[in-house]
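Working notes for the structure below.
Below, each value reflects all heavy atoms present in this structure, side chains not excepted, and no hydrogens, waters or symmetry copies.
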Amino acid sequence: MKSLVILDGDYLIFDATFGSRIVIIPAPPKISGSGHATIGERKMCIEGDEAKVQVAATYTTTTHTIPGSGIVSIKELKPGHLAQGCLSGEVLITKGQEPFTASFRPTILAMTPVGSPDVSLDSDGTGEFISSQKGVYAG
């Protein structure tokens, strides 16, 4: 199914829930595009650009109420997020029909009021692309 092509500077939305963690991202994150093809002088995002998304965030859990911090990233795109480009031959990133898989890696563990730290394991969540253009589809 065809989906809107994602461009350099397009926003991402990550769901706040990553397992038992509630993650807060202070500013809307963007993706950087590195494709050769452009739309309105903005580069199209290509496969591999998603791996460069690294967003600083804070988090808590229901029991660990003293905030910790970590990094949110895109763990895996779904097949509907990738499409072969017509002109450049590069694999383009598209909005897709379903959320991608995201990951949260704690760097400073959240704590309980009595000083017990959260676990240091990564946790998964979801996110989606917000396309700034409404006319170019791929798929």
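- F14 and I22 are not part of a single hydrophobic cluster, where members link through side-chain heavy atoms under 4.5 Å apart.
- In this structure, the separation between CZ on R42 and CD1 on I6 is 9.5 Å, given to the nearest 0.5 Å.
- Residue M111 is not grouped with residue Y59 when hydrophobic side chains (ILVMFWY) are merged at heavy-atom distances under 4.5 angstrom, including chains of intermediate members.
- Taking each heavy atom of I25 and A27 in turn, the nearest pair found is CG2-O, 3.2 Å.
- Residue S69 forms a side-chain contact (heavy atoms from CB on, under 4.5 Å) with just one option from L109, V23, T107, and that option is T107.
- Here D8 contributes atom CG and I39 contributes atom CD1; the two are 11.5 Å apart, rounded to the nearest 0.5 Å.
- In this structure, the separation between CD1 on I108 and CD1 on I66 is 13.0 Å, given to the nearest 0.5 Å.
- Residue G139 comes nearest to A83 through the heavy atom pair N-CB, 3.4 Å, listed as atom of the first residue, atom of the second, then distance.
- Between I93 and the choices I31, I46, D10, the side-chain contact (heavy atoms from CB on, under 4.5 Å) rule is met once, by I31.
- Criterion: ILVMFWY side-chain heavy atoms under 4.5 Å apart, direct or through other members. Under it, L82 and V53 are part of a common hydrophobic cluster.
- Summarising the geometry, atom OG belonging to S34 is positioned 11.0 Å from atom CD belonging to E47; distances are rounded to the nearest 0.5 Å.
- For the pair S131 and Q133, the tightest heavy-atom approach, listed with the atom from each and the gap, is OG-O, 2.8 Å.
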After noting the C-alpha distance and the side-chain angles of K43 and L7, does the key distance pass the side chain to side chain contact (heavy atoms under 4.5 Å, CB included) rule?
CA-CA 6 Å; K43 292 183 176 190; L7 303 178; over 6 Å; no

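- Using a 4.5 Å cut-off between side-chain heavy atoms of Ile, Leu, Val, Met, Phe, Trp and Tyr, with links allowed through other members, L4 and L12 fall into different hydrophobic clusters.
- Expressed to the nearest 0.5 Å, how far OG of S3 lies from CD of E98 amounts to 11.0 Å.
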Side chain to side chain contact (heavy atoms under 4.5 Å, CB included) for M1 and Q97? Distances and angles first, verdict last.
CA-CA 8 Å; M1 177 175 255; Q97 305 301 318; 3.5 Å; yes

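- To the nearest 0.5 Å, atom OG of residue S132 and atom NZ of residue K30 are 10.0 Å apart.
- The pair D122-K75 fails the salt-bridge criterion, with no side-chain N (NZ, NE, NH1 or NH2) lying under 4.0 Å from an Asp/Glu carboxylate O.
- When all heavy atoms of T112 and H64 are compared, the pair lying nearest together is CG2-CD2, 3.5 Å.
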For the pair T101 and D124, evaluate side chain to side chain donor-acceptor pair (under 3.5 Å) and give the outcome as yes or no after the intermediate values.
CA-CA 7 Å; T101 303; D124 288 348; over 6 Å; no

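- In terms of the ring-ring contact (aromatic ring centres under 6.0 Å, His included) criterion, F18 has no residue partners (sequence neighbours excluded).
- In this structure, D118 pairs ionically with R21, as a charged nitrogen and a carboxylate oxygen lie closer than 4.0 Å.
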Start with the C-alpha distance between T38 and E41, add both sets of side-chain angles, then the distance that settles side chain to side chain contact (heavy atoms under 4.5 Å, CB included), and finish with yes or no.
CA-CA 5 Å; T38 60; E41 299 183 19; 5.7 Å; no

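- Of all non-hydrogen atoms in S73 and Q54, the two that sit nearest each other are CB-NE2, 3.7 Å.
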Go through it in stages, so that I can follow the logic: the residues are V55 and F104, the test is side chain to side chain contact (heavy atoms under 4.5 Å, CB included), and I'd like the CA-CA distance, side-chain angles, deciding distance and then a yes or no.
CA-CA 9 Å; V55 183; F104 177 77; over 6 Å; no

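- The aromatic rings of H81 and F129 sit perpendicular, their planes meeting at an angle over 60°, well past the 30° parallel limit.
- In this structure, L92 and C45 have side chains that are not in contact, with every pair of non-hydrogen atoms separated by 4.5 Å or more.
- Looking at every heavy atom in both residues, P26 comes nearest to A56 through CD-O, 3.5 Å.
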